[in-house]
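Some notes on the structure that comes next.
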Amino acid sequence: MAIRTIREMGDPVLTKVCKEVKEMTPRTAELIQDMLETMYEANGVGLAAPQVGILKRIAVVDVTGEDPIVLINPKVMETSGEQTGSEGCLSLPGKCGDVTRPNYVKVYAYDENMQGYEIEGTELLARALLHEIDHLDGHMYVEKVEGELQTVTPDWEEEE
Ligand code: ZN
């Protein structure tokens, strides 16, 4: 496993539509493990393959830190409700902004064994799933931000 470099906004790879994964290969399995490791290292709640420069429809999400979700070729099946909250992205470090998204989402995806499954999420999980799926179509949350992007004060500065 290895930590991969996270691409930042402005990198054209983040604006591309990713390709479906047709089969699991050792290379793709390694990519998924690296994405999980990279997400945890960066203290993120989600990471999409284009964020590490790979144009495949793969994302990982973990909103609790102990429940990794692997999403391959994810499709949004259903949404409902609405939530507005602060959102950030590992590809735009130090920034956040308010985004309105559905409060509930049902997603169909394949896991790392290419087994299809359904996942439902509300609140933060719904937000994270939709944010990552947007990346697979070349979209960043900043396109949806209401008002100004804000600068995040890192914890270590607040403690001084
Ligand atoms: Zn993101």
Side-chain angles (χ1 to χ4, degrees), residues 1-21 28 30-77 79 81-112 119-155:
M1 295 211 293
I3 306 285
R4 303 218 182 183
T5 304
I6 298 178
R7 306 297 183 91
E8 298 194 0
M9 201 169 79
D11 189 319
V13 79
L14 293 171
T15 65
K16 306 267 197 269
V17 175
C18 297
K19 289 201 172 76
E20 297 245 326
V21 175
T28 301
E30 189 184 336
L31 168 67
I32 293 168
Q33 289 311 309
D34 287 355
M35 284 172 62
L36 284 165
E37 197 178 349
T38 304
M39 173 182 73
Y40 289 125
E41 163 78 15
N43 293 315
V45 298
L47 187 72
Q51 292 182 277
V52 293
I54 308 286
L55 291 172
K56 286 183 176 166
R57 301 191 79 80
I58 302 173
V60 293
V61 166
D62 189 344
V63 295
T64 64
E66 49 197 27
D67 184 23
I69 300 163
V70 174
L71 301 139
I72 298 173
N73 304 337
K75 283 201 170 58
V76 174
M77 309 300 287
T79 61
E82 198 176 274
Q83 59 170 323
T84 301
S86 184
E87 204 161 302
C89 180
L90 294 176
S91 293
L92 191 55
K95 297 285 180 191
C96 66
D98 286 337
V99 179
T100 298
R101 294 192 185 269
N103 195 50
Y104 163 86
V105 65
K106 185 196 281 183
V107 172
Y108 188 84
Y110 296 84
D111 66 14
E112 59 269 52
I119 180 166
E120 293 176 294
T122 59
E123 298 174 13
L124 179 58
L125 180 56
R127 178 178 294 285
L129 290 167
L130 290 163
H131 176 119
E132 298 313 327
I133 292 170
D134 276 353
H135 274 301
L136 304 182
D137 290 313
H139 295 298
M140 292 273 297
Y141 80 97
V142 294
E143 298 162 33
K144 298 181 171 165
V145 163
E146 294 152 27
E148 301 279 307
L149 271 181
Q150 288 140 35
T151 301
V152 178
T153 309
D155 291 343

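No experiment lies behind these values; they were computed from the predicted model shown. Nothing fancy with the numbering, it's 1 onward along the sequence. As the structure lists them, so they are numbered: ligands from 1, and atoms in each ligand from 1.
Between the side chains of Glu82 and Thr100, not a single donor N or O lies within less than 3.5 Å of an accepting N or O.
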Go through it in stages, so that I can follow the logic: the residues are Met9 and Cys89, the test is side chain to side chain contact (heavy atoms under 4.5 Å, CB included), and I'd like the CA-CA distance, side-chain angles, deciding distance and then a yes or no. CA-CA 9 Å; Met9 201 169 79; Cys89 180; over 6 Å; no
Arg101 vs Glu87, salt bridge (Lys or Arg N to Asp or Glu O under 4.0 Å): CA-CA, chis, key distance, verdict: CA-CA 10 Å; Arg101 294 192 185 269; Glu87 204 161 302; 2.7 Å; yes
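Side chain of Asn73 to backbone of Val21: a donor-acceptor contact under 3.5 angstrom is found.
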Would you be so kind as to tabulate the donor-acceptor pairs closer than 3.5 Å made by side chains of residues 40-55, with sequence neighbours excluded?
residue : atom : partner : partner atom : Å
Tyr40   : OH   : Asp62   : OD2          : 2.4
Gln51   : OE1  : Ala48   : N            : 2.8
Gln51   : NE2  : Ser91   : OG           : 2.9

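The set of protein atoms (N, O or S) found at less than 2.8 Å from the Zn ion (ligand 1) reads Cys89 SG, His131 NE2, His135 NE2, by chain and number.
Contact of the Glu8 side chain with the Leu92 side chain is not registered, since no non-hydrogen atoms from C-beta on lie closer than 4.5 Å.
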